[in-house]
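Following: one structure in structure tokens, then a few remarks.
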Amino acid sequence: MFSSDDLSSLRWDAVSGAVEIIDQTLLPHTLHWVHLDSLEAYCHAISVMQVRGAPLIGITAAFGLAHAVAENPSDTNLVAASASLMATRPTAVNLRWALETMERHLCSLVEGDRAVAARQQAIAMRQADIDNCALIGENGLGLLRDIPHGETLNIMTHCNAGWLATIQWGTALAPIYKAQAAGLPVHVWVSETRPRNQGMNLTAWELQRAGVPCTVVADNSCGQLMREGKVDCVIVGSDRTAANGDVCNKVGTYLKALAAQDNDIPFYVALPESTIDWRCDTGQEIPIEERDSLEVLTIAGVDYAGQGLEVNLAAADTQAANPAFDVTPARLVRGLVTEHGVFEASGAGLTELQGRL
Ligand code: MRU
């Protein structure tokens, strides 16, 4: 029996030690838990995006390293397993943060103590992620309450920065869940997020399960919705935020930020401290993942009988490029919503945050 909450993206069993994740490539059509029982299974889960979203990638990697250390606690294996996990995806800095945190904790211990300590550390990081996201939700709710709106507060989001991208709550969706719980009437514009459709497949699924009113829109319609006055604010997550406040997030985020600026709509980014890369001075230095062009040229779903189906969209031999992330300059970001409070997206803002740590 799993001791941790069912409604979380990664659960663990205190007795057997088993770890399970939701296979997010099958959502929204199938909710299927996958048992991770080898280092290879952890690496595969991250690289094929059975798990995705910066914080969840980090926590999954922490459990993956704990698994590897339980099998072989030597220094050589610790370093090799960490390198394998690190190679799974390049952009979300939470992966590096989680692995470095684990390694720092473990390398000072004798080998015999490492397995238990690694497991405890991964469990503590999972719990800290839940607590931090709940705080992000509270801090974001404070902002949402002050945004002028009609009967309903219309919030736009991109990609999935909900509990599927973290452990529980999410980052960008946490303030929305808190708003709903506080009785603030909200409606969410969910941009589909081509090519992998995390908005349509994951965010809309999450919000619908939680009873939050939402509408999926094509990515390209977002500027027009803003021009028509149908958006009161935009809130997104981040995969890596540079020390000057530049924000890297799912490709398409930058265009939304530009449109929001042009329409004087506040554009907020919600992120835990673990998403800040203090070693990146600006967004220019952030590695942008280039994914398989087939993600652009094909689309997956289910047919009318509910059978899984992938179809080709393009003419034969069509070339496609697939940068998975983009960088939004700090000047377009109204504020960074973190577990420590809301900060200006600037070097000064992040220095202020650093002072609170
Ligand atoms: O490629 P993905 O699905 O891992 O990208 C996820 C995002 O871009 C999210 O917006 C980001 O990780 C923030 S998650 C709280």
Side-chain angles (χ1 to χ4, degrees), residues 8-10 21-25 27-28 45-61 88-98 129-130 132-137 140 156-177 188 190-206 219 234-241 247-257 267-277 283 286-292 295-296 322-328 333 336-339:
S8 76
S9 55
L10 179 152
I21 48 122
I22 294 175
D23 181 350
Q24 298 190 24
T25 64
L27 288 174
I46 300 172
S47 58
V48 305
M49 295 175 64
Q50 286 178 324
V51 293
R52 28 67 51 203
L56 179 59
I57 290 171
I59 302 302
T60 306
T88 51
R89 291 196 72 189
T91 300
V93 75
N94 304 60
L95 177 59
R96 186 186 80 199
W97 167 84
D129 189 75
I130 296 172
N132 289 338
C133 286
L135 285 169
I136 289 171
M156 180 174 279
T157 192
H158 188 55
C159 195
N160 172 262
W163 64 264
L164 286 167
T166 61
I167 297 293
Q168 286 173 2
W169 291 109
T171 56
L173 295 196
I176 294 171
Y177 289 132
V188 185
V190 177
S191 70
E192 59 176 345
T193 319
R194 281 280 291 149
R196 287 187 68 104
N197 293 319
Q198 290 96 325
M200 182 160 60
N201 294 348
L202 306 178
T203 299
W205 180 81
E206 261 196 42
D219 295 323
V234 183
I235 181 160
V236 299
S238 173
D239 292 86
R240 192 185 295 228
T241 291
V247 168
C248 181
N249 191 47
K250 179 55 55 189
V251 71
T253 301
Y254 174 40
L255 286 175
K256 280 181 184 57
F267 181 95
Y268 288 108
V269 180
L271 69 158
E273 178 204 327
S274 52
T275 299
I276 301 167
D277 187 351
I286 297 175
I288 303 293
E289 178 177 15
E290 182 70 33
R291 293 188 62 85
D292 195 320
E295 291 183 351
V296 176
N322 188 10
F325 298 94
D326 63 25
V327 174
T328 298
V333 178
L336 300 172
V337 187
T338 77
E339 67 273 41

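Counting starts at 1 for both ligands and their atoms, following the listed order. If you're wondering where the values come from, they're calculated on a predicted model, not measured in any experiment.
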* Asked: Looking only at heavy atoms of A324, does any of them come nearer than 4.0 Å to an atom of ligand 1?
  -> no
* Is the side chain of T193 donor-acceptor paired with the backbone N or O of M200 at a distance under 3.5 Å, no angle test? -> no
* To do: Output yes when a side-chain donor or acceptor of T275 lies under 3.5 Å from a complementary backbone atom of D239, and no otherwise.
  => no
In the protein, which heavy atom is nearest to [atom], and how far is it?
atom: atom 14 (S) of ligand 1; value: A165 CB, 3.5 Å
atom: atom 5 (O) of ligand 1; value: K250 CE, 3.3 Å
atom: atom 8 (O) of ligand 1; value: D239 OD1, 2.7 Å
atom: atom 9 (C) of ligand 1; value: N249 OD1, 3.5 Å

For [X], atoms of ligand 1 separated by under 4.0 Å from a heavy atom:
X: M49; result: 1 (O), 2 (P), 3 (O)
X: R89; result: 1 (O), 2 (P), 4 (O)
X: T171; result: 15 (C)
X: A54; result: 12 (O), 14 (S)

* Asked: Should the pair D219-R194 be classified as a salt bridge under the 4.0 Å nitrogen-to-oxygen rule?
  -> no
Heavy-atom distances under 4.0 Å are what count here, so tell me which part of [X] touches ligand 1: side chain, backbone, both or neither.
X: E289; result: neither
X: S238; result: backbone
X: N160; result: backbone
X: Q198; result: side chain
X: A161; result: both
X: H158; result: neither

* Yes or no on side chain to side chain contact (heavy atoms under 4.5 Å, CB included) for L271 and T338, after CA distance, side-chain angles and deciding distance? -> CA-CA 5 Å; L271 69 158; T338 77; 4.3 Å; yes
* What's the verdict on side chain to side chain contact (heavy atoms under 4.5 Å, CB included) for Q24 and N201, showing C-alpha distance, side-chain angles and the deciding distance? -> CA-CA 9 Å; Q24 298 190 24; N201 294 348; over 6 Å; no
* Any N or O on G53 sitting closer than 3.5 Å to an N or O of ligand 1? -> yes
